[in-house]
K.L.:
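Before I ask anything, here is the structure I am working with.
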Amino acid sequence: MKYSLQNKFLVLCAVVSVCSMVRADDGYNLWMSYRKLDNAKALKEYKQAFSSILIQGDSETLRIIREEVKKGLDGLLGADLPLSGTLTGKALVIGTPKQSRLIRELNLSGELATLGCEGYLIKSINIKSIPSVVITANEDIGLLYGSFHLLRLMQNGQSLINLNIRSKPRIQYRLLNHWDNLNGSVERGYAGKSLWKWDELPGTISPRYKDYARANASIGINGTVLNNVNANPNILKTECLKKVAELADIFRPYGIRVFLSINFSSPISARFRVSGNRRGGIGDLKTSDPLNPEVREWWKKKVKEVYQHIPDFGGFLVKANSEGMPGPQDWDRTHADGANMLAEALEPYNGIVMWRAFVYDADVDPDRAKRAYKEFVPLDGQFRSNVFVQAKNGPIDFQPREPVQPFFGSMPKTPLMLELQITQEYLGHSTHLVYLGPMWKEYFQFDTYAKGRGSALSSVIDGTLHNYQMTGIAGVTNIGDDRNWCGHFFAQANWFAFGRLAWDHTLTAEQIADEWLRMTITNNDSVVEKIKSMMMGSWEACINYMTPLGLHHIMQAGFHYGPQPDYARSSRRDWTSVYYHRADDIGLGFDRSSSGSDSTSQYFSPLRERFDNIKTCPEKYLLWFHHIRWDYKMKSGRTLWDEICRKYYEGTSYVDRMYDTWQSLETSIDPEIFAHVRSKLQKQKVDSALWRDTCIDYFRKFSKKPVPDS
Ligand code: GCV
């Protein structure tokens, strides 16, 4: 026998030792790997900054902080820092004035006064003449946020000398929205099945629940809507509430409250079958009319039960009278009637309603882009104080680029919650590398002119423009049970960016990408710069190879991945592509100007005039607002046809360049991540070219012009 067992063993050992020389990262740890810093200068500084960790007080959150800080510092410094009870040498000191005598004696109450429950201070302070780094806050959750901030600074190799940081969130409700179904599928989810294992709960607890909470807390997310807005009424059954309560218990010490999407027909008996939207729920009634006393009583009882299971339950998210979901209009009532009924039931427990404005009833207006505004603006002032109206960023549906939904700024008496989509439903699923930070910044900075110049969308959302009493933002999450959580490694950056911007929308997309790269891939400056620049242009590239110059909604029906500009037959006109691009022999684009559908009039002056006029309309929105002749001269001097072809080619060459850049970085990147991203980029190259070629071929049938040399 030539190959003895012993030989086999030696070969195996050799393989194992070669493998262990290269780090393998499957992406599970997200931005919290806490690998030993490769930055010698920073490492030296940090080792001098503290030699122990001192955390005074006790609570579940404080126990989490102890574990996290110890794990983080030990990992980053390659040390074993003691958790001590007293101050003996340079230390990282963490505590609230309530629980820590040491902190109380620092007299920071003046500085803490304006930081609320979630804010924190990180300061370099001499305690009893010992130089220390102090993290303090009014509540334990602020300490957790502050601890993650300090760890982030260190992961980024930032100096800890003379620290004087104060931070508090600009937006109060910072939520993830899961579109997860009770059967384990995820609507528009591209990262496996749902994280929530409803069949196993409450008995079996996946360790991922805790890791999910930890990741969210690290970026300041403080709430999660567990189930799809296309809600199954069963979510409110007692057996489900017990499962929800289990998750809520795990999330609570991480500062995360649980919310649920509800089905407006819930009070109706499942046996009561009527046509259309009035299908049955889990109750015993024949109606869900929000003004019916029995219905109102049903909700009050149900809400009481919810709070018995989950005392800090956050509230309900509702998709009503939209895409077949039931709602108050089925009973000739308004959205306000529906929302207020639920709000009244939730109010005694401090619960809220997030009433979605994603409605597009064709009877309201022939132009889908105008419908939500027309339904909701007249209701301003009619909602109870614990109701948010939650709206997507644009008037259609999370397209690669849209102008802002015009009712932002037009509802001063109704807190508006912004809904962004982290999952890339229309931006290449979990196959395309598209960093969404720049997109979200474009929306935040979009000036609505609601109160004249300087009325950015961010000021509507953070409440400063209209003095909203509550503020909120939601991100439709891209998380599933894939080992790396988000399908594409780079999609993790979008989860991260959403949280960071929800906390502070003034951060730049570039800064967030920089942070994320250093926390995940490397601290090597030149590698960071190269990948960051890939990320920063990836959204614009995606727009260019999918829907340049204001085109929208020309994707594959249903699946929403590839191109289908010729899609013309559907049960609804506004689900087809031809409804949106309106290509004909003359030109391309949807005339929404005053001579068309007049959606421009829903914007404030001078935006409305700017968008209305072809000459002043920003070219990025040109085909959104205008039907443009094929030979129209663009700012570049090229015709529309030549320009659009050029944009398509610009988009795909960007993807080619991303691929080349990535290839060139092979030796600087963890092999597993490198291979994973390379194969995704390979597919993105092919699929972006398909978008380009399909769209150019199709539009060419109308323009009848040759494709210019690229
Ligand atoms: C949850 C789009 C999506 C649907 C989604 C809907 C919504 O239509 O394609 O999957 O349903 O938006 O936001 O309610």
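Remember, it's a predicted structure, so these values are computed and weren't measured experimentally. One-based numbering, in listed order, for ligands and for the atoms of each.
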K.L.:
Can you find an N or O of E323 that's nearer than 3.5 Å to an N or O of ligand 1?
P.N.:
yes
K.L.:
How far is atom 14 (O) of ligand 1 from the closest protein heavy atom, and which atom is that?
P.N.:
K319 NZ, 2.6 Å
K.L.:
Measure the distances from the heavy atoms of H560 to every atom of ligand 1 and state whether one is below 4.0 angstrom.
P.N.:
yes
K.L.:
For V476, which part has a heavy atom under 4.0 Å from ligand 1: side chain, backbone, both, or neither?
P.N.:
neither
K.L.:
Can you label the angle between the F264 ring and the W299 ring as parallel, tilted or perpendicular, going by 30° and 60°?
P.N.:
tilted
K.L.:
Under 4.0 Å, heavy atoms only, figure out whether ligand 1 is touched by the backbone of W179, its side chain, both or neither.
P.N.:
side chain
K.L.:
Identify the residue among V387, V229, L260, I262 that makes a side chain to side chain contact (heavy atoms under 4.5 Å, CB included) with V318.
P.N.:
I262
K.L.:
Can you check whether Y209 and F251 have ring centres sitting under 6.0 Å from each other?
P.N.:
no
K.L.:
Could you tell me the residue and atom name of the protein heavy atom closest to atom 12 (O) of ligand 1, and the distance to it rounded to 0.1 Å?
P.N.:
K392 NZ, 3.0 Å
K.L.:
Looking at F313 and V258, what are the two nearest heavy atoms and their distance?
P.N.:
CD1-O, 3.3 Å
K.L.:
Could you work out, with side-chain hydrogen bond (donor to acceptor under 3.5 Å, both in side chains) as the rule, every residue matching D482, not counting sequence neighbours?
P.N.:
none
K.L.:
Counting the benzene-type ring for Trp, do F590 and H627 have ring centres under 6.0 Å apart?
P.N.:
no
K.L.:
Considering non-hydrogen atoms of the protein only, which is the closest contact for atom 9 (O) of ligand 1, and what is the distance?
P.N.:
E425 OE2, 2.6 Å
K.L.:
Which ligand 1 atoms, with their elements, are less than 4.0 angstrom from a heavy-atom of V229?
P.N.:
1 (C), 14 (O)
K.L.:
Below 4.0 Å from any atom of ligand 1, is there a heavy atom belonging to Y360?
P.N.:
no
K.L.:
I need the nearest protein heavy-atom contact for atom 2 (C) of ligand 1: residue, atom name and distance, please.
P.N.:
D397 OD2, 2.9 Å
K.L.:
Can you tell me which residue and heavy atom of the protein come closest to atom 1 (C) of ligand 1, and the distance to 0.1 Å?
P.N.:
N230 ND2, 3.3 Å
K.L.:
Below 3.5 Å, N or O to N or O, backbone or side chain included: is there any such pair between N228 and ligand 1?
P.N.:
no
K.L.:
Can you confirm if the aromatic rings of F398 and H552 lie within a centre distance of less than 6.0 Å?
P.N.:
no
K.L.:
With heavy-atom distances below 4.0 Å as the criterion, list the atoms of ligand 1 near R188.
P.N.:
3 (C), 4 (C), 9 (O), 10 (O)
K.L.:
Run the ring-centre check on W196 versus H178 and record whether the distance is less than 6.0 Å.
P.N.:
yes
K.L.:
Exactly one of F407, Y373, F611, Y621 should register a ring-ring contact (aromatic ring centres under 6.0 Å, His included) with Y603. Which one does?
P.N.:
F611
K.L.:
Pick from Q399, R401, H581: which one makes a side chain to side chain contact (heavy atoms under 4.5 Å, CB included) with L551?
P.N.:
H581
K.L.:
Does an N or O from E187, backbone or side chain, lie closer than 3.5 Å to an N or O of ligand 1?
P.N.:
yes
K.L.:
Using heavy atoms and a threshold below 4.0 Å, how should the contact between Y426 and ligand 1 be classified: side chain, backbone, both, or neither?
P.N.:
side chain
